[in-house]
There are 2 protein chains.
Amino acid sequence: MKALKTRQATIFDVARLAGVSHQTVSRVLNDLPNVRPTTRDKVEVAIRQLSYTPSPAARALVTRRSATIAVLNTGAADFGPASIAIGLCEAAGPANYTVTMSNSGGSDPESIRSVIVQFVRQNVEAIVVIAARSASLEALSGIDLDIPLLTIESAGRPGFHSVSLDQYRGARLAVRHLIDLGHTRIEHVAGPSDSLDALERLRGWRDELGEAGIAAPRPLQGSWTPDSGSDAATELLARSDRGTAVFVANDQMALGFMHTLERAGIHVPDDISVIGYDDIPEAAYFTPPLTTMKQDFDALGRQIMGHLLEVLRDPAAPSPTRFVPSLVVRESVRALR
Amino acid sequence: MKALKTRQATIFDVARLAGVSHQTVSRVLNDLPNVRPTTRDKVEVAIRQLSYTPSPAARALVTRRSATIAVLNTGAADFGPASIAIGLCEAAGPANYTVTMSNSGGSDPESIRSVIVQFVRQNVEAIVVIAARSASLEALSGIDLDIPLLTIESAGRPGFHSVSLDQYRGARLAVRHLIDLGHTRIEHVAGPSDSLDALERLRGWRDELGEAGIAAPRPLQGSWTPDSGSDAATELLARSDRGTAVFVANDQMALGFMHTLERAGIHVPDDISVIGYDDIPEAAYFTPPLTTMKQDFDALGRQIMGHLLEVLRDPAAPSPTRFVPSLVVRESVRALR
DNA sequence: CAGCCCGATGTGAGCGATCACATGCCACCC
DNA sequence: GGGTGGCATGTGATCGCTCACATCGGGCTG
């Protein structure tokens with residue numbers, strides 16, 4: 001197989017081989033008009049022959065554009081964010097974009113800002129922020145960028161483009177399902193309060209309950225992890241009265257939650273119904289298999305790239321319609337009575 | 001907050017403001033000697049005043065180095081690969097490296113090769129391949145690069161640098177644990193046969209059994225997913241005789257495996273012991289809580305970056321010692337008799 | 001048939017850094 | 001006191017591309 005060590009051909013090498021000027025080669029490269037078809041062919045042959053590819057650095061230097069989009073992930077290796085990132089990467093390739101990733105551990109404004117500055121200096125063409133905690137968005141909102149900033153969150157802040165799964169509607173659908181089955185006291189195990197997604201799911205739960213004329217009990221506080229779900233169960237067990245159903249803000253917490261309930265002799269779904277959120281691949285094998293809201297993260301990643309490309313052409317492009325999660329019925333929910 | 005819209009200052013702007021030549025500024029930037037301290041100070045003041053940062057593109061163009069490392073992820077959004085990627089990103093920042101990611105969906109040589117070519121053209125300084133399936137490595141091994149290629153796999157192929165968790169020893173430890181508890185017929189649910197990690201775990205299982213004078217039964221074939229674990233259970237149930245313990249190659253499969261066993265009336269650990277691999281955050285809440293081998297992916301990600309920096313200084317740097325996974329005892333394994 | 005315009009192509013500058021080399025200065029030593 | 005060497009600094013070329021503009025024909029128009 002050919003070594004990649006030999007010095008890469010330049011646009012001048014191609015020009016010489018094709019017997020044209022470097023500018024003509026550049027025209028062919030960039031699909032500009034006013035090149036005679038025969039000339040175009042000659043150049044293309046030369047390009048293939050030298051297996052030439054233009055230097056991104058040189059191009060970035062002169063155009064101040066880098067064909068790169070930046071992804072800032074502020075979360076952990078959770079299923080959702082990871083899937084989105086992968087979807088993004090996969091969609092970027094075919095669109096001839098490169099993805100550069102950064103994981104700012106902290107979400108303090110200073111460290112986020114420094115990552116953004118670094119991105120800007122790299123001439124990235126857009127920045128995507130995944131798993132946005134509200135603190136991160138706070139930090140972002142002060143910055144005045146002239147490139148699109150996409151956030152993946154539900155609240156739809158003014159000033160950013162945002163693409164997301166409709167967490168609010170998803171949450172309402174989940175709660176609706178429980179109500180339809182006759183439940184009238186429905187608890188909620190919420191995600192961390194600095195997560196916008198968690199807030200949207202909380203809001204959806206509260207609103208759907210409100211619309212059904214049901215008072216919302218005090219939500220239990222979790223932090224996405226199975227451990228925190230387990231803790232929430234312990235807290236619920238300590239309460240004097242508890243509902244007949246629980247909407248847990250993600251599947252991982254639901255796992256810990258159900259597990260600890262079970263250990264305490266409370267059976268799901270006989271004693272209490274549990275509905276999760278995300279539909280992680282494991283959910284079907286929980287004990288009992290978890291009824292949950294399926295989110296299509298892969299599609300989201302792809303949609304983000306698609307929307308991004310549109311925004312890069314037309315900064316005023318409207319946000320795409322949001323995906324609404326769909327209900328996946330398994331065995332953790334039972335009709336009341 | 002200051003807008004980032006204004007044209008970025010160049011090295012000449014800094015030079016003018018500091019009253020020196022651009023070359024002196026460059027010297028300060030690159031920490032070269034032979035600059036008088038007072039001059040250095042003047043330049044540094046000017047840099048701060050203009051909040052100047054050098055242009056990566058210009059630098060990359062002339063030096064042919066990009067301060068970028070490429071990460072190629074050939075897997076899915078699994079916990080392991082995702083954690084490693086995040087660990088890598090986090091370690092890259094402080095080292096002043098940028099990470100560019102690509103997800104080649106397929107592992108056919110052609111698509112892998114094209115991603116690598118793209119990386120090379122970007123002047124990345126090293127390429128890290130995560131979740132290497134053997135097919136990907138096959139494709140890689142034909143390519144003659146002059147930058148370090150790091151693979152995260154256990155087999156330790158000649159020709160690449162490789163950093164990894166010691167899957168072979170981990171597997172042996174897992175099987176040892178079962179043997180120590182009196183089990184003499186130990187099944188294995190393997191990962192996909194094109195995964196090197198899966199192969200290493202399989203080899204560890206076989207060797208540990210062999211050393212104990214136990215014949216290895218035919219392994220069950222999975223593909224990392226809970227679904228495939230469930231299928232493996234179904235297959236095992238169809239066998240006329242089966243062992244008293246099973247080493248499942250990852251926790252997700254173990255979940256599906258145990259679930260389907262349970263549904264068939266086979267109880268874990270009373271009827272059969274199960275040990276997993278990875279220690280994903282959910283494992284503690286499985287039914288029953290899963291005994292497994294804990295892998296420290298985060299540390300691995302950090303170690304990779306560390307090793308990479310070393311290799312970039314000295315291409316002959318020795319591979320670091322490998323992390324050995326540690327046993328986490330929970331409730332899915334029982335002593336025999 | 002002169003004049004004009006437009007399509008195809010070429011020429012040279014410049015993006016913002018580094019690198020190789022030139023220069024100026026002072027101290028030092030014989 | 002003049003040669004020498006080393007330090008501090010400056011000058012110009014260069015990386016590989018795109019951009020703005022120049023040039024060159026040929027076909028159409030009046």
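Per chain, numbering begins at 1; letters A, B, ... match sequence-line order. In this text the structure is predicted, and so the values were computed from the model without any measurement. Because only heavy atoms are used, hydrogens play no part in the values below, and waters and symmetry mates are left out as well, while side chains stay in.
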key: Check against side chain to side chain contact (heavy atoms under 4.5 Å, CB included), B/I112 and B/V129   = CA-CA 11 Å; B/I112 294 217; B/V129 181; over 6 Å; no
Show every donor-acceptor pair shorter than 3.5 Å between a side-chain atom in residues 298-316 of chain B and any protein atom, with sequence neighbours excluded, or say none if there are none.
from	atom 1	to	atom 2	distance (Å)
B/Q303	NE2	B/T321	O	3.2
B/D314	OD1	B/A316	N	3.0

inquiry  = As a quick check of understanding, evaluate side chain to side chain contact (heavy atoms under 4.5 Å, CB included) for B/L88 and B/I69, giving each step before the final call.
reply    = CA-CA 10 Å; B/L88 257 166; B/I69 72 160; 4.1 Å; yes
message = Can a side-chain donor-acceptor contact be found between B/Q122 and A/T98 if the only test is distance below 3.5 angstrom?
response = yes
ask   = After noting the C-alpha distance and the side-chain angles of A/I11 and A/L29, does the key distance pass the side chain to side chain contact (heavy atoms under 4.5 Å, CB included) rule?
value = CA-CA 10 Å; A/I11 202 171; A/L29 252 44; 4.3 Å; yes
task = Determine, stepwise, if the pair A/K42 / A/T38 fulfils side chain to side chain contact (heavy atoms under 4.5 Å, CB included).
result = CA-CA 6 Å; A/K42 270 193 303 186; A/T38 60; 5.7 Å; no
ask   = Where the side chain of A/N34 is concerned, which of D/dT9, C/dA8, C/dG16 is the nearest nucleotide?
value = C/dA8
remark   = Checking A/I47, A/D13, A/V43 against A/Y52 for side-chain contact (heavy atoms from CB on, under 4.5 Å), the one that qualifies is A/I47
message = So if I define the base as every atom that isn't primed, P, OP1 or OP2, how would nucleotides 17-22 of chain C read as a B/S/- string at a heavy-atom cutoff under 4.0 Å?
response = SBBB--
ask   = Between A/F12 and A/H22, how do the two ring planes meet: parallel, tilted or perpendicular, split at 30° and 60°?
value = parallel
ask   = How close or far is atom P of D/dT14 from atom CZ of B/R64, stated in whole angstroms?
value = 13 Å
ask   = Picking from C/dC15, D/dG10, C/dT11, which would you name as closest to the side chain of A/S21?
value = C/dT11
note = the helix from C/dC1-D/dG30 to C/dC30-D/dG1: angle between terminal helix axes, five bp per end, to the nearest 10 degrees, reads 50°
message = At less than 4.0 Å, is any side-chain N or O atom of A/R36 found next to OP1 or OP2 of C/dG7? Yes or no.
response = no
